[in-house]
Every structure is written in C-alpha cells, then in structure tokens.
Colleague: 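There's a structure below that I have some questions on.
Because only heavy atoms are used, hydrogens play no part in the values below, and waters and symmetry mates are left out as well, while side chains stay in. Just so it is clear: chains get the letters A, B, ... in the order the sequence lines come, proteins before strands, and each one is counted from 1.
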Amino acid sequence: MNFSIYDFTSFNQWIDRFLRENLNSFWAIAVEMVIIGLAILLFYALVGLFLVYAERKVCAFMQNRVGPNRVGPYGFFQTIADFIKLMLKELITIKNADQFLFNLAPFIVIIASFMAIAAIPFAKGLHAIDFDIGVLYVIAVSSLGVVGILLAGWSSNNKYSLIGAMRSGAQIVSYELSVGLSLLTIIILAGTMQFSAIVEGQANGWFIFKGHIPAFIAFVIFLISSTAETNRGPFDLAEAESELTAGFHTEYSGIKFAFFFLAEYMNMFIVASIAATVFLGGWMPFHVGGWAGFNHIMDFIPPFIWYIGKTFFVIWIMMWFKWTFPRLRIDQLLTLEWKYLLPINLVNILIMAFIVLMGWHF
Amino acid sequence: MDTLKLKERILGLVPDAEFQENKQFPTFILPSAQLHNLAAGLAGDADLAFDFLFCLSGVDMVSYIEIVYHLESTTQRHQMVLKVRVSDREHGSVDSVCDIWRTAEFHEREIYDLLGIRFTNHPDLRRIFLEEGWNGHPLRKDYVDDINIVER
Amino acid sequence: MKEVVNLPVKKIEEEEYHINMGPQHPSTHGVLRLVVSLQGEIVKSLKPHCGYIHRGIEKMCEKDTYPQIIHLTDRMDYLSAHINNHAVCLLVEKALEVDVPERVIYIRTIVDELNRIASHQLWWCSFGMDMGGLTCFFYGLRDREKILDIFEESFGSRLLHSYYTPGGLMMDIHPNFQKEVKNFIQYFRKKIKDYDDILTGNIIMQERTKGIGVLSREDAISYGVTGPSGRASGFSCDVRKRHPYALYDKVDFREILGTEGDTFTRYMMRMHEMRESMKIIEQLIDNIPAGDYSAKMKAVIKLPAGEYYQRVEAARGELGVYVVSDGSKTPYRMKFRSPNFSNLSVLDHISRGVKIADLVAIGGSLDYVIPDIDR
C-alpha cells in the first residue's frame, strides 16, 4: 500500500481489497457504506461546529468585538459547549401543532443537506459517490430542504412561522433557477456533469479564468443566488429576526432548533464547495502558465487543503455579505431574481455556448 | 396676530366665551357645546389658521373637569389656549375634535382613560393605557387605590 | 360571430388575518403591542396597544416636589433624559423668575446636544438592526459609549442622570469635560462617515426606504408629528428655532427640512441633526463662562398658583410640560406632552398598504421610545 496525501485512490482501493479478502462482497459493501457514513457524519459535525465558531469570530471581527473567547483557547470550544447546551434543553411541545410534521421537519432539512455532501469531491479519490450527473444530483437534493422549512412553518401553528415559510418557499423556488442556470453555464464549458471530470477539466486552469467574462458573471450570479438559496443574509427573509422574530423556526427548541441551525451552516458549506469545485478548480492547485517553479510549490500543498481553503474563501465572502448588508424585502427579492438575474443568466448561457462553439475559451 | 386682536376675533366668533387675564397664552373658556364649531373655524380660517394642536390635557378641578387645548398656528406663529369645563363627573362628555386635529384621537383616549370624560363622535374611544374594565379613572382627585397608591 | 358571454366571476374575498407584533418583539423597541391586520404580507391596518409600561408618572408628580419630579422625567424618554429634565427646570425657573447663571445655560445647551447625538446614535444602530444590518448596531453603540463615558465622568451616571436641578445643576462639570467633548467631536466627525458608508449609501437600504411610509406636511401637523420625523415632511417644528430657550437663539445652526416625508428622509434628518448638534457644541465648548453652577434657590420650591407651559425640543420631537399649580410645593396637575405619543398615532395612517418589512422600517424611522409613550 502506498499512501499519499495527494491521491487517496490507492488508499481506498487498499481498504476495498482488504474488506473483500476477508468478507463476501455483500458485507464488504455494507461495511464500506458504514465507514463512509460515519466518516461523513463526523466530518459534518466537525465542519458544522467549526463554521458556527468561524461565523461568530468573523462577525465579531466585522463588528469591533472580540467574539467567543472564554471556553478553550480563543473560545474554540464555545460551539461544543453550545451544542451540549442545545442537546440538554427541553423540547417544547406546541399545543395544536401538527406533532408529526412538526417533528419531521428538522430531519428533512438536515437529511437534505446530508445527502448533498455525499457527492462532493474533497480531494483526489476522496469522494463518496461520483455520479455522472453529480451537479444535477446536488441541485435536486439540496432543494429538498425547502420542504422541511415549509413543513416547519405550516405545522408550528404560528403565523410568524407561516409567513417565514411561505417567503422561504417563494425565495427558494425562484433562486433555484439561477443556481441551476449559472451552473449550466459552466457545464457547457466543461462538457460534463460529473464532479470528478469537472475538477479534472480544470487541471490546466480554473473555469472562472478559462471561461472569460461569462464564467465570472456566472460565478457572481451563483454566489448571489446560492446565498439566497441557503436563506442567509441579506436574503434571510425566512428568519428575518427583526420582522418575524425567528421566522420558520420560532417554535423550535433544543436539538430540533440545533438541526435547523446546523443545516443552515452545512448548506452554506455545500454551496461554497460547489462554487469552489465548479468555478475555482476544486482540489486543483493554483497554477500560472509558464511559472514552473511557482506551480511546483503550489503542487506541494495537498489537494485537501486547496479544497478547504477555496471553500472557506467562498464562505467568508458569504459571511461578509451577511454582516454588512441590510435585508431585502420580499418583492425586491423576487424582482432581483426574475427581472435581473434570470435574464442575465439566460443571455450569459447563450454567450458561453457561442464561445464554446467557436472554441474561444482557453 | 397679537393677543388683543385674537381676543376680538374669538369673542366675535363665540360671544359666550370668557377671556382669562394674565396667562402665558391667550386663554378662552368656552361653553362645551360650541367647541367643535369654533375648532373647525379656527383650523379653517386663513388668518387664525390654528392647525397644530400641540397639547391636549385634562385637569380635575374637583367641582368640574377642565379640558385644555393648546393650539398653535404653524403659519401665523401665534398660540392660544381653549378650555372647556365639564361639571358632570359621571356622564360628562365633550365633542371630539379628532376630525379637525388627528392628534386628538390618542390624547382624547388618554383623557377618557385617566379622567373619565367621554368624547362624542370619537372613532375609537377605548382605554389607552389601562386595561378594559379598570375600575375608576386614576388622574381624578377622588381616585383611591389602596394597593398601588401610598399616601405620604 | 361568437357572442361574448360574461361569465359571473366569483370574487374571492381575500382573507385578512391578524398578528400581534409585541409586546415582546425585537423591532417594537420595547413593550409596545401592535395588532396588525394583514392580507398576505400587506398591512391593511394596525392598532397600537400601549400601557405595558404605564407607571402613572403624571399621578406620581402630583405627590412629589419639583426637585423630585426631575428624577421621574428621566424615566420617560430615557434616551434624552437631560432634555426632559431641562423642560421641568425651565418651567420652574420661568415661574419663579429665577436668573440662572450664564455658565449653567452654556453647560445645559452643550449637554442637551450631546444627549441628542447619543440618542440619535442609538436610533441609528437600532434602525440598522431593523433593516437587518446587524453590524450597524455595534458601530452606533461603540460611538455612543464615548458620550456615555463623558456623562459618567461629569455626572456620575450613564443613562438616567438627573443632572439638572431647578435653578442650576446638581454639580459642576468635571475638569476634563471640555477636553473630552472636543476629543469626541473630532472622533465622531470621522466616524459619522462610516455610518454613511455602511448604511446610508447602501442600495438595499435606499431601495427599501425611499417612497415608503410617506407622511404629508398637512398630516404631520394634524397628527402633531414633531421632531426629525415631522421635519422630514417639511413641518418646521423645531422648538429650538420657533420658541428658543437656553442658548439656541445665539448659536448658529440650521433647521433642516425635508420634502419627501418618507422613511429615507426621516433617516436623513437625523443624520443631518447629528452634524448640526456637533456644530452647536463646537461653538459653545470653548466659551463656557466661569461662575456658579447653580442659582440660589429656596429650600422648598413653591410655584405661584397658575398654569405654566414649557416646550423643549427633545431628541424625538417636541416635549411639552403643562403644570397647574395651586401654590403648594407639589403641582396640582402635571401633564407631559410627550413626542412619541403623538408620533405613534400616525403609524396606522402611514403604514397602510406596505409590507411587514416596511412596517418595521417605518417604526424604526419614527423612533419611538415606549416609556415615553406610556409615561
């Protein structure tokens, strides 16, 4: 076995071979699935906790504050303490609420984000499922979350929740279009929907550079619309704490609230990883044509670090949005999508198709 | 418009009005029946133009309850006080001036709440601070509340 | 040719529903309850329900002496506590015909304006928060803290100072006062640009506030909407200009009037007012004359029998104090014409037909302080 942090393929094959030598093929696959499930669950929890911490630090930095600094070094364990607190808190049952849907909603939200994470390539070979329609799969699965939000708003028996959920429904249905179309722009360029192939296609240059201006426009549109799709500020109308107290999750407490909370951060992580993978080259290092020495140094940094770095860069931009912009109003939100982003997107796809047809891209 | 002219005009409009001497603002005591007519005249007249009701208060004078209207003209810059006296403490009522000065709507509700004067033609005469069914009107001098008011 | 048939169209009666905004709601800025009738997200009408923090200050005043009343006025509009105190002090001084030392008048004018800036800073941060820009909140509070520090150093408290007494001041200013105020003005002139950068110039904020909650000049006068909210509609209602008190007839400042009367104009009025206040302070801070910090007053203050009315310009509008005295040491009847009470009455009128998000913005731009409404 030759293990390398630059390529996990051989490592995976070694595990697979080891399991198949000792078990029959059914049990080998079952054990593999459990291992992958546990690994993703662990990753999910860690990233979620870290993102909450990161958001609090970033927001404190923007607001002239220190942020969490009491639990652990630099307050690093604050979110773990918060998580324990949320687990121990009472689960309040709401009178006249639809108990079944009320309890189901947070699970739908969290399962949707959990399913999406399976298709994301973290590094070479570190990839749970490599669908040949990966992009489509992620778009389809991540939009399931809105069902959970709608159910939460409907079943809470609270008008604030209902308004929040309806806003969220309108918002996600609209912005789903822009997310899909901006990814489509790049799919035209890449010629495939498979994530691994998209990443491989960027070995000689990220798509945001390869695709000229249309790719950049698509990137900006993707950033805006994916921020809206994850219900984050300035598009956090579903929560809108100054209008709707807490929007769709007003009535949730304890671990069920934590699920919504965690799902929001994980959705942010997922869209940031898609942005990093599709536009910024995924785990591919940054190369400049002709600078062999520079490129060699860049190659030295492991792909996993590249992927995490790019993802967190996108997440940081999204946090920057959230903490500096006021919130939009619902009609402005829909105007932005249907009157501006969608037409721009459609024209952008045409231009991109033309560029690809003429072979003008790098 | 100075005090003398104002006095002439008001007494011309309402001969029954009584002018009070030595006050900070020119002050007139009106019969309550004529309040609404005069108020409409004051707000509508181009010279008088009392368009800003800057204070509306009620005072319990024990033998009667006085409603005090502080008026100002934003164009002519003069000020004036109108007073209406209500001697019926139980069922006393005054015409509402909500339709002339909209700010009166809240102030009249406050007076109704705290002094118990009813305003006829008020669009929404409910208690404003105290809950519905509160017993008595606290700003009256004869109001007693053994629990919340401590006599010193 | 086909005949056009007019099918009977069944008009679906659109259903209205009510939500309770408050008493515990993040953007009612206190315990105010608004019962809002909604059609979808559109506000059809709303009814304010006040009284959750009604303490009966007017009734309490009837049992208290004038120096004691000062402490109650702090608790009305707690964000412009000094200005509330000023109204009662001026009223007593005018009734007793006391000559207040020059030094006191200078200090009172400066402190009033500092208080106005502090109040508008808090308004700015809470308005930013109502709009969803949470960072504004911390920017505003950071700068307000500087003023509160100055207050704490000189008057011993940060929010409810009770610094003015009938006839003068509770104590003299701290020796550092002038230096600190000058430092603050220098500091805040730079920082107020940040305010414009982060919120005023933001396209989302402008789109959300322009043309929303329009209040005409006639309605502003009729509803008695004063202060920056009234001036945004072009209602020249600045008591400092119309009925000058303290030093306002001697200093140079502008009464800025708006024309649009919408939420954005109300916002801009307050931004301008902070700059004007700084201008007033700059003119006075170096010229505070030496002298006593209080006039000689009798131990027991008794107002001659009669009626008195005093108007001052508080941070949110015109504050009136109406006193009926029977010659004793306590007032016979004391009435506060609080600015927020009248400003609240217009909320229903200007927020019909807007969305819930706009209602929050309009409420923020009217800047009501609940203890001042309820008293």
Side-chain angles (χ1 to χ4, degrees), chain B residues 20 22-25 27 43 49-62 65-66 68 70 72-75 77 79 81 83 98-107 109-111 113-115 124 126-132 134 137-141 143 145 148-152, chain C residues 47-56 58-60 62-64 91 94-95 217-226 230 235-237 239 242-243 306-311 317-324 326 330 332-338 341-346 348-349 373-375:
Chain B
Q20 283 190 309
N22 298 327
K23 295 281 184 189
Q24 190 181 358
F25 306 114
T27 307
F50 282 105
D51 48 2
F52 178 30
L53 176 72
F54 64 87
C55 188
L56 173 48
S57 17
V59 186
D60 183 9
M61 293 296 201
V62 183
I65 288 168
E66 200 168 66
V68 187
H70 284 79
E72 184 179 6
S73 164
T74 53
T75 48
R77 304 261 152 184
Q79 302 166 70
V81 174
K83 287 181 179 175
C98 280
D99 49 339
I100 301 158
W101 302 292
R102 300 294 300 273
T103 182
E105 186 180 335
F106 268 38
H107 281 94
R109 276 179 67 187
E110 187 189 350
I111 294 172
D113 187 0
L114 302 177
L115 281 155
D124 183 25
R126 286 175 296 124
R127 283 183 180 270
I128 191 163
F129 294 142
L130 305 176
E131 59 208 60
E132 298 292 326
W134 184 273
H137 301 282
L139 271 184
R140 285 191 175 183
K141 290 289 170 184
Y143 178 77
D145 186 340
N148 296 314
I149 297 179
V150 182
E151 290 291 336
R152 283 196 293 258
Chain C
K47 278 204 171 87
H49 287 241
C50 334
Y52 286 90
I53 194 165
H54 178 65
R55 293 145 297 174
E58 288 174 11
K59 185 77 177 173
M60 280 150 86
E62 292 176 11
K63 293 280 190 299
D64 286 338
L91 182 129
K94 223 187 248 176
R217 182 174 180 275
E218 288 67 35
D219 282 339
I221 295 172
S222 179
Y223 277 98
V225 179
T226 50
F235 173 22
S236 162
C237 57
V239 183
R242 276 190 308 155
H243 309 288
E307 297 165 35
Y308 307 94
Y309 195 91
Q310 178 62 47
R311 311 162 79 169
E318 176 182 329
L319 174 74
V321 185
Y322 175 57
V323 170
V324 181
D326 56 356
T330 60
Y332 182 77
R333 165 86 167 96
M334 194 142 189
K335 154 92 183 177
F336 295 103
R337 184 261 186 225
S338 56
F341 189 63
S342 300
N343 289 4
L344 176 70
S345 66
V346 84
D348 177 34
H349 177 69
I373 295 170
D374 287 353
R375 280 163 286 145

Colleague: Give me the atom names and distance for the closest heavy-atom approach of C/I221 to B/D51.
Modeller: CG2-O, 3.1 Å

Colleague: Would you call C/S342 and B/H107 a side-chain contact if the rule is heavy atoms closer than 4.5 Å?
Modeller: yes

Colleague: To the nearest 0.5 Å, what is the distance between CG (B/L139) and NZ (C/K335)?
Modeller: 9.0 Å

Colleague: To the nearest 0.5 Å, what is the distance between CG (C/L91) and CD (B/Q24)?
Modeller: 7.5 Å

Colleague: Does the side-chain contact (heavy atoms from CB on, under 4.5 Å) test come out yes or no for C/E307 and B/V59, once each step is laid out?
Modeller: CA-CA 11 Å; C/E307 297 165 35; B/V59 186; over 6 Å; no

Colleague: Relative to chain B, which segment of C/T226 carries a heavy atom at a distance below 4.5 Å: side chain, backbone, both, or neither?
Modeller: side chain

Colleague: Please flag which part of C/E62 lies under 4.5 Å from any non-hydrogen atom of chain B: side chain, backbone, both or neither.
Modeller: side chain

Colleague: To check you understand the geometry: which heavy-atom pair defines the closest contact between B/V62 and C/Y332, and what is its length?
Modeller: CG2-OH, 3.6 Å

Colleague: Which atoms of C/R55 come close to chain B, meaning under 4.5 Å heavy atom to heavy atom: side chain ones, backbone ones, both, or neither?
Modeller: neither

Colleague: State plainly whether the residues C/R333 and B/E66 are in salt-bridge range, i.e. N to O under 4.0 Å.
Modeller: no

Colleague: Got a sec: does the NZ of C/K47 have more than 12 other heavy atoms crowding it under 6.0 Å?
Modeller: no

Colleague: With chain C, which of B/K83, B/R127, B/E131, B/E105 has the greatest number of heavy-atom pairs at distances under 4.5 Å?
Modeller: B/K83

Colleague: For the atom pair OH (C/Y322) and SG (B/C55), what is the distance rounded to the nearest 0.5 Å?
Modeller: 8.0 Å

Colleague: Calculate, to the nearest 0.5 Å, the distance between atoms CD and CZ belonging to B/Q79 and C/R311 respectively.
Modeller: 5.0 Å

Colleague: With rounding to the nearest 0.5 Å, note down the distance linking CZ in B/R77 to OG in C/S236.
Modeller: 4.5 Å

Colleague: Mind listing the closest non-hydrogen atom pair of B/F106 and C/P48 along with its distance?
Modeller: CZ-CG, 3.8 Å

Colleague: Counting distance only, does the side-chain N/O of B/R102 pair as donor-acceptor with the main-chain N or O of C/D219 below 3.5 Å?
Modeller: no

Colleague: Using the rule given for side-chain contact (heavy atoms from CB on, under 4.5 Å), can you reason through C/H54 versus B/L114, listing the C-alpha separation, both sets of side-chain angles and the distance that settles it, and then say yes or no?
Modeller: CA-CA 12 Å; C/H54 178 65; B/L114 302 177; 4.2 Å; yes

Colleague: Considering only heavy atoms, which portion of B/R126 lies under 4.5 Å from any heavy atom of chain C: side chain, backbone, both, or neither?
Modeller: side chain

Colleague: Between atom CG of B/D124 and atom CG of C/D348, what is the distance when rounded to the nearest 0.5 Å?
Modeller: 9.5 Å

Colleague: Locate the shortest heavy-atom distance separating C/G224 from B/F52; write the atom from each residue and the value.
Modeller: CA-CE1, 3.7 Å

Colleague: Go through the structure and list residues passing salt bridge (Lys or Arg N to Asp or Glu O under 4.0 Å) with C/R375, not counting sequence neighbours.
Modeller: B/E110, C/E58

Colleague: Taking side chain as everything from C-beta outward and backbone as N, CA, C, O, which of these in C/Y309 sits under 4.5 Å from a heavy atom of chain B? Side chain, backbone, both or neither.
Modeller: both

Colleague: Check the orientation of C/F341 and B/F129. Use parallel for under 30°, tilted for 30 to 60°, and perpendicular for over 60°.
Modeller: tilted

Colleague: Heavy-atom pairs under 4.5 Å with chain B: which of C/K94, C/R242, C/H349, C/E218 has the most?
Modeller: C/R242

Colleague: Report which part of C/K59 has an atom under 4.5 Å of a heavy atom belonging to chain B: side chain, backbone, both, or neither.
Modeller: both

